[in-house]
Amino acid sequence: MAKLKALISLLIPILLATGVSLTLQKWILHDPTQFPRWLANYGNYIILAYIPLQALTLIIPPLGGFFLVVAMITLFGPELAVILMYLVSVPCYTLNFLLAKKYGRPLVQKVIDKNTLDKIDHFVGDAGIVALIALRTFQGGNFDYLSYGFGLTKTRLNEFFLVNVFAGLASSFIFYLIFKYSSNINMGIILSYLVGFLLTGVSLVTNHFFRKHKREL
């Protein structure tokens, strides 16, 4: 009974947050300019609301928080938006890692569905420091999931934190360049997905090569 109550208490806020997130994303897809216009009514105070909302989507990856980043870019430009994204993501990824490290697979399976977690396990299974750097640099959009996965491996906190901080700078800079030199916000979104797809290939090749090299040693 106690376990059931604990599960319900965990699921209710997740379900509510998921509903809000899906509603917002549907609204934004219908009219990409409407959400930023609504946020603009709150001026700079919206940054105070952005931080916990973005943190929530990073700690509960299925929520998806890319629309929040796009809204901030629309309102404040890529410079401030990318800085804020970096400052929020680094502690959140570290928290995900620590939660997975402390509470293990039972907790992670409550946050991430089993099929996705199985894919993450294969992705990070015996990955070393080079693969971690590649994944943090080139897989910034999926690192909310991967940070949980690395918490289930033998990766040490100090290794993860340093890579998270410094490779995160490289990842953020790539994202900044995409939106800085895009002709408009819609082109930036399209390019971010295309570049993300290409960089995913780079990270996969790097990961595969490094694992093969480890086995040969």
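Computed from heavy atoms alone, side chains included, the values below leave out hydrogens, waters and symmetry copies.
- At a threshold of 4.5 Å between non-hydrogen side-chain atoms, the residues F76 and I46 count as touching.
- Criterion: ILVMFWY side-chain heavy atoms under 4.5 Å apart, direct or through other members. Under it, V90 and Y50 are not part of a common hydrophobic cluster.
- Across every non-hydrogen atom of T155 and E159, the tightest pair is CG2-OE1, 3.9 Å.
- T153 and F150 get closest at one heavy-atom pair: OG1-O, 2.7 Å.
- When the side-chain hydrogen bond (donor to acceptor under 3.5 Å, both in side chains) test is applied to D113, the partners found at least two apart in sequence or on another chain are T116.
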Run the side-chain contact (heavy atoms from CB on, under 4.5 Å) test on I47 and L80 for me, step by step, so that the C-alpha distance in whole Å, both residues' side-chain angles and the decisive distance to 0.1 Å come before the verdict. CA-CA 10 Å; I47 294 175; L80 179 58; 4.1 Å; yes

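- Hydrophobic clustering (side-chain heavy atoms under 4.5 Å, transitive across Ile, Leu, Val, Met, Phe, Trp, Tyr) groups L157 together with F143.
- L162 and Y93 sit in two unconnected hydrophobic clusters of ILVMFWY residues. Membership requires side-chain heavy atoms under 4.5 Å apart, directly or through other members.
- Here the CG-OG distance, from L191 to S183, works out to 8.0 Å after rounding to the nearest 0.5 Å.
- Note on L87: it does not cluster hydrophobically with V82, by side-chain heavy-atom contacts below 4.5 Å among ILVMFWY residues.
- Rounded to the nearest 0.5 angstrom, T137 OG1 and F166 CZ are separated by 12.5 Å.
- Under the 4.5 Å side-chain heavy-atom criterion for ILVMFWY residues, no single connected hydrophobic cluster contains both M85 and L169.
- Proximity of P61 to L63: side-chain heavy atoms (C-beta onward) are nowhere separated by under 4.5 Å.
- Shown here for A100 and V108, the closest heavy-atom pair between the two residues is CB-CG2, 3.7 Å.
- Across all their heavy atoms, L58 and D144 have their closest contact at O-CB, 3.4 Å.
- Inter-residue side-chain proximity for V88 and C92 is flagged as met; some heavy-atom pair is nearer than 4.5 Å.
- By the 4.5 Å heavy-atom criterion applied to side chains, K101 and Y148 are not counted as neighbours.
- To the nearest 0.5 Å, the span separating CD1 on I112 from CG on D118 amounts to 11.0 Å.
- Within a 6.0 Å sphere centred on CZ of F161, other residues, nucleotides and ligands contribute 12 heavy atoms or fewer.
- Interatomic distance, CD1 of I129 versus CZ of R156, reported as 8.5 Å (0.5 Å rounding).
- Annotation: side chain of Y145 is in contact with side chain of P62 (closest heavy-atom distance under 4.5 Å).
- Sorted by first then second residue, the salt bridge (charged side-chain N to carboxylate O under 4.0 Å, His left out) pairs that include residues 182-197, not counting sequence neighbours, number zero.
- Legend: side-chain hydrogen bond (donor to acceptor under 3.5 Å, both in side chains) pairs involving residues 162-171, not counting sequence neighbours, sorted by first then second residue: T94-N164, R136-N164.
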Just do the side-chain contact (heavy atoms from CB on, under 4.5 Å) check on K102 and L98 with the steps written out, would you? CA-CA 6 Å; K102 182 172 182 178; L98 289 172; over 6 Å; no

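- Not counting sequence neighbours, Y181 has no partner by the ring pair (Phe, Tyr, Trp, His ring centres under 6.0 Å) test.
- Note: L53 CG to M72 CE = 10.5 Å, rounded to the nearest 0.5 Å.
- At least one side-chain heavy atom of L152 sits under 4.5 Å from a side-chain heavy atom of L117.
- The two residues I120 and G149 make their nearest non-hydrogen contact at CG2-CA, 3.5 Å.
- Between Y86 and V165 the shortest heavy-atom distance is OH-O, 2.7 Å.
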Side-chain donor-acceptor distances from residues 172-180 under 3.5 Å, at least two apart:
from, atom 1, to, atom 2, distance (Å)
S172, OG, G168, O, 2.9
K180, NZ, E79, OE2, 3.1

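- With sequence neighbours excluded, the residues forming a ring pair (Phe, Tyr, Trp, His ring centres under 6.0 Å) with F97 are F160, listed by chain and number.
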